[in-house]
Amino acid sequence: MVQKYQLGLFDDPYRYCNSQKEADEILTDSHRKTAYEMACKSIILLKNNSLLPVKIPQKVAVIGPLANFQRAMDGNWTVAAETDVAVTLLEALKNKFPQTEITFIEGCSISGNDRSGFPAAIKSAKESDLVILALGENWGMSGEARSRGDIHIPGVQEELACEIYKVNKKCITLLMGGRPLIFNQIAEKAPAILYTWFLGTEAGNAMVDVITGKYNPSARVPMSFPKHIGQIPVYYNYKNTGRPAVDKEGNYSSRYIDIDNKPQYPFGYGLSYTTFEYGQPDISIEEKFISVDIPIYNSGLMDGHELIQIYTRKWWGESTRPVKELKAVENVFLKKGEKRTIQLKIPFDRLAYYGQSGWEKADGDYTIMIGRNAEDIIFRKNIKVNF
C-alpha cells in the first residue's frame, strides 16, 4: 500500500470517474438486451416430460424462496453493482401475462427447517393449472470463500418440491445456484427441470421466455453434477484404472458398492425442445489435423441449437491419458427439418500433451468419439496418427 502512494496512484483518485459516461452506459437498453441474451443462453434444460414449452394458463402458482428474491438474481459476483434492478421470475410473469391469475407463496426459506409455509404452498398448487417452483442457493452461498461441505439443495426446499409434485403434475422446477447441486429426489420426481444459475439483471425475463418456448434452451452442463457427496470429485476425463468399473456387479473393480459410478448429469449434458439426428460421420487424417464431417438433421418441431462434441482417447504414450478428452465442439443452429454436414477439425497440436520428458506429440492410436455428452457416445472409430 505504501508503494502505491509512493507511485502516486492515489494523487487523483477520481480521474477516471465520468458521471455522464456512467449515465450513458450503465443499464442501457442495449446492455440489458445483451444481458437477456446471455441469460437465455445459460439456462440448461435437464429434464422434460413433454411439459415444456408451456402456454401460460389462467391460474399459475409461483412457489419457492427464490421466485421473487431480487438480490439472488445477481449472484455473489456483483461487487459494487446495483442489486435492486434485476427482474425476478414473479415480476416477469406478471409483466408478460397481466391477465393470468398468479399466486405467489414462498413455502419455505432457502435454509432452515421451517415447514410452516408448506400447507399454503400445497393448497395453492392444488388450485392452479400450472406450478412454477423456484428453488436453490442463496446468492452468498457460492463465490469466493464460499465453499460448502454439503452441496445438497439447502434447507427443506427439496421436501417442499416433493410435496408439490404429489398434488400437481404440471410443475416446472427452476433451480438457481452458482455451482452444481445435489437434488436426487427432484431429479427423479420433477416433470421438468431448468437449471438457471444466477442469471443477472434480466433473469426473470429469460426464465419466462425459455419456459414458454420463445427461446429454445441449448446450454450444456459445464461440469458433471454428482449424485452423492462421496462421488466428489466427479469428472468425465478421469484416468483409467487397473480394474475399471463395469455396469454389471463385479468384485474388486473400481466402483462404489452402494451407488453407481455415474454422475447425475454428465459433462456436456443438456436437452432441447427439438430433436437432432446424426448421420454416419466421415473421418480422415490430413497433413496437420483430423477432419470429421458429421451429417446432422433437426428432426423436431422447433428451430434450435445442437452442441456437437468430439472426444478422443489416446491408448498409449509416455504418460497415461484420460478415458475421454473433449477436443472439438461446434454450436450449430438448424431450422426444423434442416439437414447439414458440419466439418470439425482437430489439429495434431491439440492432441499433444506434457509428459514426463516434456511435450509429447500426437503420434499413437486413438478412439474418436462423437457424443451428445461425455456419457452418451453415439459414434466411435479407432484411428492411428503418424508423423
Side-chain angles (χ1 to χ4, degrees), residues 36-49 51-54 62-67 69 72-77 86 88-89 92 110 131-139 141-143 148 151-154 157-158 160-162 164-165 171-200 202-213 215-227 231-232 234-236 262-273 304-305 307 372-376:
Y36 164 79
E37 292 171 351
M38 294 295 291
C40 288
K41 292 177 180 179
S42 299
I43 296 174
I44 307 173
L45 178 61
L46 295 180
K47 185 178 180 181
N48 187 18
N49 288 349
L51 178 57
L52 292 169
V54 67
V62 180
I63 299 172
L66 285 156
F69 190 179
M73 299 302 100
D74 290 326
N76 193 23
W77 293 100
T88 66
L89 169 67
I110 294 175
V131 179
I132 304 177
L133 279 170
L135 312 172
E137 290 185 311
N138 203 337
W139 65 270
M141 289 181 173
S142 291
R148 292 177 57 200
I151 60 169
H152 283 85
I153 289 184
Q157 295 181 82
E158 190 164 29
L160 171 65
C162 292
I164 299 299
Y165 302 148
C171 182
I172 302 162
T173 303
L174 306 182
L175 298 177
M176 306 177 196
R179 60 161 60 84
L181 295 172
I182 297 174
F183 44 92
N184 294 335
Q185 293 185 69
I186 289 176
E188 177 187 351
K189 299 175 183 179
I193 305 172
L194 291 165
Y195 209 89
T196 68
W197 310 100
F198 294 130
L199 294 177
E202 291 292 311
N205 289 325
M207 292 175 197
V208 173
D209 286 352
V210 168
I211 287 170
T212 57
Y215 186 90
N216 186 352
S218 60
R220 300 294 188 268
V221 169
M223 60 194 81
S224 299
F225 279 42
K227 290 179 182 175
Q231 287 181 299
I232 300 171
V234 56
Y235 49 95
Y236 84 95
K262 294 180 179 179
Q264 185 69 261
Y265 301 104
F267 174 82
Y269 177 88
L271 304 176
S272 170
Y273 294 153
H305 289 84
L307 188 70
R372 300 183 188 275
N373 56 67
E375 290 287 341
D376 186 7

**Distance (rounded to the nearest 0.5 Å) between Phe225 CZ and Ile232 CD1** = 11.5 Å
**Message:** Going by the rule salt bridge (charged side-chain N to carboxylate O under 4.0 Å, His left out), which residues pair with Glu188 if we only count those two or more places apart in sequence or in a different chain?
**Reply:** none
**Asked** Got a sec, which residues hit salt bridge (charged side-chain N to carboxylate O under 4.0 Å, His left out) with Lys227, two or more places apart in sequence or on another chain?
**Response** Asp260
**Item:** Step-by-step side chain to side chain contact (heavy atoms under 4.5 Å, CB included) determination, Leu135 to Met176
**Value:** CA-CA 6 Å; Leu135 312 172; Met176 306 177 196; over 6 Å; no
**Item:** Set of salt bridge (charged side-chain N to carboxylate O under 4.0 Å, His left out) partners for Glu202, sequence neighbours left out
**Value:** Arg32
**Request:** Please list all pairs passing the side-chain hydrogen bond (donor to acceptor under 3.5 Å, both in side chains) test where one or both residues lie in residues 172-184, with sequence neighbours left out.
**Result:** Glu137-Arg179, Ser142-Arg179, Tyr165-Thr173, Asn184-Gln264
**Message:** Taking ring-ring contact (aromatic ring centres under 6.0 Å, His included) as the definition, give me every residue that meets it alongside Phe267, ordered by chain and number, with sequence neighbours left out.
**Reply:** Tyr236
**Student check: side-chain heavy atoms of Leu174 and Leu133 closer than 4.5 Å** = no
**Asked** Can Leu52 and Leu194 be said to form a side chain to side chain contact (heavy atoms under 4.5 Å, CB included), step by step?
**Response** CA-CA 10 Å; Leu52 292 169; Leu194 291 165; 4.1 Å; yes
**Prompt:** What is the minimum heavy-atom distance between His305 and Arg220, and which atoms define it?
**Reply:** O-NH2, 4.2 Å
**Request:** Look up atom CD in Gln185 and atom CD1 in Ile153, then write down how far apart they are to the nearest 0.5 Å.
**Result:** 10.0 Å
**Item:** Contact check, side chains of Leu181 and Tyr195, non-hydrogen atoms, under 4.5 Å
**Value:** yes
**Request:** State, yes or no, whether a side-chain contact exists between Val221 and Asn373 at a heavy-atom distance under 4.5 Å.
**Result:** no
**Asked** Can you tell me if Asn205 uses its side chain to pair, donor with acceptor, with the backbone of Val208 under 3.5 Å?
**Response** no
**Closest approach of Ser224 to Val234 (non-hydrogen atoms, all atoms of both residues)** = CB-O, 3.7 Å
**Request:** Determine the minimum heavy-atom distance between Cys171 and Pro191, stating which atoms define it.
**Result:** O-CD, 3.5 Å
**Message:** I'd like to check Leu89 versus Ile132 (side-chain heavy atoms, cut-off strictly below 4.5 Å). Are they in contact?
**Reply:** yes
**Message:** Run the side chain to side chain contact (heavy atoms under 4.5 Å, CB included) test on Leu307 and Ser218 for me, step by step, so that the C-alpha distance in whole Å, both residues' side-chain angles and the decisive distance to 0.1 Å come before the verdict.
**Reply:** CA-CA 8 Å; Leu307 188 70; Ser218 60; over 6 Å; no
**Message:** Does any part of the side chain of Val131, heavy atoms only, come nearer than 4.5 Å to the side chain of Val62, both counted from C-beta?
**Reply:** no
**Stepwise side chain to side chain contact (heavy atoms under 4.5 Å, CB included) check, Leu271 with Leu46** = CA-CA 6 Å; Leu271 304 176; Leu46 295 180; over 6 Å; no
**Request:** For Glu375, check side chain to side chain donor-acceptor pair (under 3.5 Å) against everything at least two apart and list the hits.
**Result:** none
**Request:** Report yes if the side chains of Leu175 and Ile193 come closer than 4.5 Å at any heavy-atom pair, otherwise no.
**Result:** yes
**Message:** Any heavy-atom pair between the side chains of Pro217 and Ile44 that's under 4.5 Å?
**Reply:** no
**Request:** Would you name the heavy atoms of Lys41 and Ala219 that are closest together and state the gap between them?
**Result:** O-CB, 3.1 Å
**Message:** On a heavy-atom basis, which atom in Glu158 and which in Ile186 lie closest, and how many Å separate them?
**Reply:** OE2-N, 3.0 Å
**Residue pair Ser272 / Asn216, side-chain heavy-atom distance below 4.5 Å** = yes
**Item:** For Phe198 against Trp139, the heavy-atom pair lying closest together
**Value:** CZ-CA, 3.9 Å
**Message:** Checking the side chain of Tyr273 only, and the main-chain atoms of Pro53 only, is there a donor and an acceptor separated by less than 3.5 Å?
**Reply:** no
